[in-house]
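For reference, the structure discussed in these notes is given below.
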2 protein chains.
Amino acid sequence: MTPTADCPGHPTPAKARRRLPAAERERQIVEAAAQFFAEHGLGGQTRELAKELGITHSAIFRYFPTKEALLDRVYEHVYVKRWNPAWTGLVCDRSQPLSSRIVRFYAEYTEQIFDFVWVRIFVFSGLKGYDIAPRYLATIRERVIHPICAEVRADLGLPDPETIPLTEREIEAAWAMHGKVFYLAIRKFVYGWPIPHNLSQTISDDVTSFLEGSRFIFLESVSSAEFRKNKQY
Amino acid sequence: MTPTADCPGHPTPAKARRRLPAAERERQIVEAAAQFFAEHGLGGQTRELAKELGITHSAIFRYFPTKEALLDRVYEHVYVKRWNPAWTGLVCDRSQPLSSRIVRFYAEYTEQIFDFVWVRIFVFSGLKGYDIAPRYLATIRERVIHPICAEVRADLGLPDPETIPLTEREIEAAWAMHGKVFYLAIRKFVYGWPIPHNLSQTISDDVTSFLEGSRFIFLESVSSAEFRKNKQY
DNA sequence: ATCGTTGTTGACCGCTTGGTAACAAGCTAT
DNA sequence: ATAGCTTGTTACCAAGCGGTCAACAACGAT
């Protein structure tokens, strides 16, 4: 396209700035790249990205030695600092009923996660085999899944995970709820399929359904784990 | 994998056939292409696919006018005929308890769906904006989600969807279970993350948890829908 | 053998791709 | 101004891409 499209008819066409300070241009490129790669996949072309920025693709390579380096910056920009450290404590704060703790966590969590760029780049890099997804899921397991299981145990008057380690069934029950929430995001941003308009109602239902529905799983799998443990002596 | 791996050292290496009848070669290409595109994405190169087949990329274009045409055949090969028509009736067969019907459906369903090629091509084409995913989800909604909701209604002694239309909350509750199952597939084939070794136990837990946990959602949302309906007169 | 048929090849075309280098256009200080 | 640094563009490269085509190699029938 015409790079200098400042319609030659205008005498003083507001003179849109074409030369930006380095730091600002760099930030601008990263931001546009995140949106761009989320849309077109990680294989999207730098030339097209440049076009959207109104610069040439060579300009991008002034700021990033390679496309890979740009992608690394995009990952950093999208995934770092989106985790609120307060969340971990939130689930364990027993001054409130368990269900409202979990509801509140997922309400805040989805506010960060239900994002076109976040979800799609996550899936794109998962498909490419990058380690973003496994590493992130390991974090979720430690900071969300396990704490929730521990709290459910406490809520049901069951022994804590230190005494009787969490079983696969219990962990999977917690993943079910997490999966439901993330599946909503996939439905929306990957499949382009509508999701319920009342998201907080949905989340609240999911949490209640999880707590109600998986109670017996916790009771059952803990008691059978206890049984196996006692048999050892 | 390598069909013609005739290690050049052998004097009479059984003479692995290089010239195949057209129909067989075509079938072979489609099958290899499905595996290949599932692995490398829909942007994978025909030359590399050809290399895996032990032929040149030109040979592929003898059988398929364009890469797009090959992809169409792959879609057909992967997604057509994987739906068992008996499934629709399965959920509605009231001679058995509802939970075992649903468990059985999802057991059979996952047997078809938990497949590297199926899941990844599904997600790849979803990200590209092809209509495979939305169309498929519409089918799931009609043939699985809605029937399950109707059966839950009947099981709880609630009015059928003809009388009181299904609410968004009820439908979403059923999607929760479906999403959990599909999220397992995504964890495995997209993120490369382990899933429980006892899949049938997990599915059975998920179904029980759904039926137990969403009972109140059905009761509540039906009664409020009835209330709204009566108010009209 | 010889012929036509058919699967396969290798060289080639035009376009796109990430990446480079030389040069032009702004800004700022003197 | 103009020197000097910074920012951006033009023009280019080499490799890779989907797709084409003429020639060739393997078969079956005669």
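Proteins come first, then strands; the chains are lettered A, B, ... in the order of their sequence lines, and each starts at number 1.
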Exercise for review: Decide if the gap between the ring center of His178(B) and the ring center of Phe182(B) is smaller than 6.0 angstrom.
Suggested key: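 Centroid separation for His178(B) and Phe182(B): 6.0 Å or greater.
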
**Study point:** Ring centres under 6.0 angstrom apart (Phe122(A), Tyr136(A))
**Key:**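 They qualify: ring centres under 6.0 Å apart.
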
Check your understanding: Thr56(B) side chain N/O closer than 4.0 Å to the phosphate oxygens (OP1, OP2) of dG10(C)?
Key ->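 Thr56(B) to dG10(C) OP1/OP2: no side-chain N or O under 4.0 Å.
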
Review point. Just to confirm, is there a sub-4.0 Å distance from OP1 or OP2 of dG7(C) to any side-chain nitrogen or oxygen of Arg25(B)?
Key: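 So the side-chain polar atoms of Arg25(B) never come under 4.0 Å of the phosphate oxygens OP1 or OP2 of dG7(C).
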
[atom1] of [X] versus [atom2] of [N]: gap in Å, rounded?
{"X": "Leu20(A)", "N": "dT7(D)", "atom1": "CG", "atom2": "P", "result": "10 Å"}
{"X": "Leu71(B)", "N": "dG18(D)", "atom1": "CG", "atom2": "C1'", "result": "12 Å"}
{"X": "Phe61(A)", "N": "dT6(D)", "atom1": "CZ", "atom2": "C1'", "result": "20 Å"}
{"X": "His57(A)", "N": "dT7(D)", "atom1": "NE2", "atom2": "C1'", "result": "16 Å"}
{"X": "Gln28(B)", "N": "dG7(C)", "atom1": "CD", "atom2": "P", "result": "13 Å"}
{"X": "Glu24(B)", "N": "dT6(C)", "atom1": "CD", "atom2": "P", "result": "17 Å"}
{"X": "Lys51(A)", "N": "dT9(D)", "atom1": "NZ", "atom2": "P", "result": "14 Å"}
{"X": "Ile60(A)", "N": "dT20(C)", "atom1": "CD1", "atom2": "P", "result": "14 Å"}

Check your understanding: What's the spacing between Tyr130(B) OH and Tyr191(A) OH if we round to 0.5 Å?
Key ->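 So the gap between those two atoms works out to 16.0 Å.
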
Review point. Is there a donor and acceptor pair closer than 3.5 Å between the side chain of Ser58(B) and the base of dG19(D)?
Key: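 Result: no qualifying N/O pair found.
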
Check your understanding: What about Arg47(B), does its side chain sit under 3.5 Å from the base of dG18(D) through a donor-acceptor pair?
Key ->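 Counting by modelled atom types and ignoring angles, a donor-acceptor contact under 3.5 Å is found here.
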
Exercise for review: Measure across Tyr79(A) and Ile121(A) and return the closest heavy-atom pair with its distance rounded to 0.1 Å.
Suggested key: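 Smallest interatomic distance, heavy atoms only, reads OH-C, 3.3 Å.
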
Check your understanding: Could you go step by step and tell me if Asn198(A) and Ser200(A) meet the side-chain hydrogen bond (donor to acceptor under 3.5 Å, both in side chains) rule?
Key -> CA-CA 6 Å; Asn198(A) 190 343; Ser200(A) 56; 3.3 Å; yes

Check your understanding: Of the residues in residues 62-70 of chain A, which ones touch DNA chain D at a heavy-atom distance under 4.0 Å?
Key ->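 Of all residues in residues 62-70 of chain A, the ones placing a heavy atom under 4.0 Å from DNA chain D are Arg62(A), Tyr63(A).
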
Exercise for review: Tell me which of Gly44(A) and Ala23(B) sits closer to the 5' end of DNA chain C, going by the nucleotide each one is nearest to.
Suggested key: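 It is Ala23(B) whose nearest nucleotide is closer to the 5' end.
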
Point to revise | Under the salt bridge (charged side-chain N to carboxylate O under 4.0 Å, His left out) test, residues paired with Asp93(B) that sit two or more places apart | key: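 Salt bridge (charged side-chain N to carboxylate O under 4.0 Å, His left out) list for Asp93(B), sorted by chain: empty.
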
Practice item. Kindly write out the residues that satisfy salt bridge (charged side-chain N to carboxylate O under 4.0 Å, His left out) with Arg143(A), not counting sequence neighbours, or none if the list is empty. Key: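 Salt bridge (charged side-chain N to carboxylate O under 4.0 Å, His left out) check on Arg143(A) returns nothing, list empty.
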
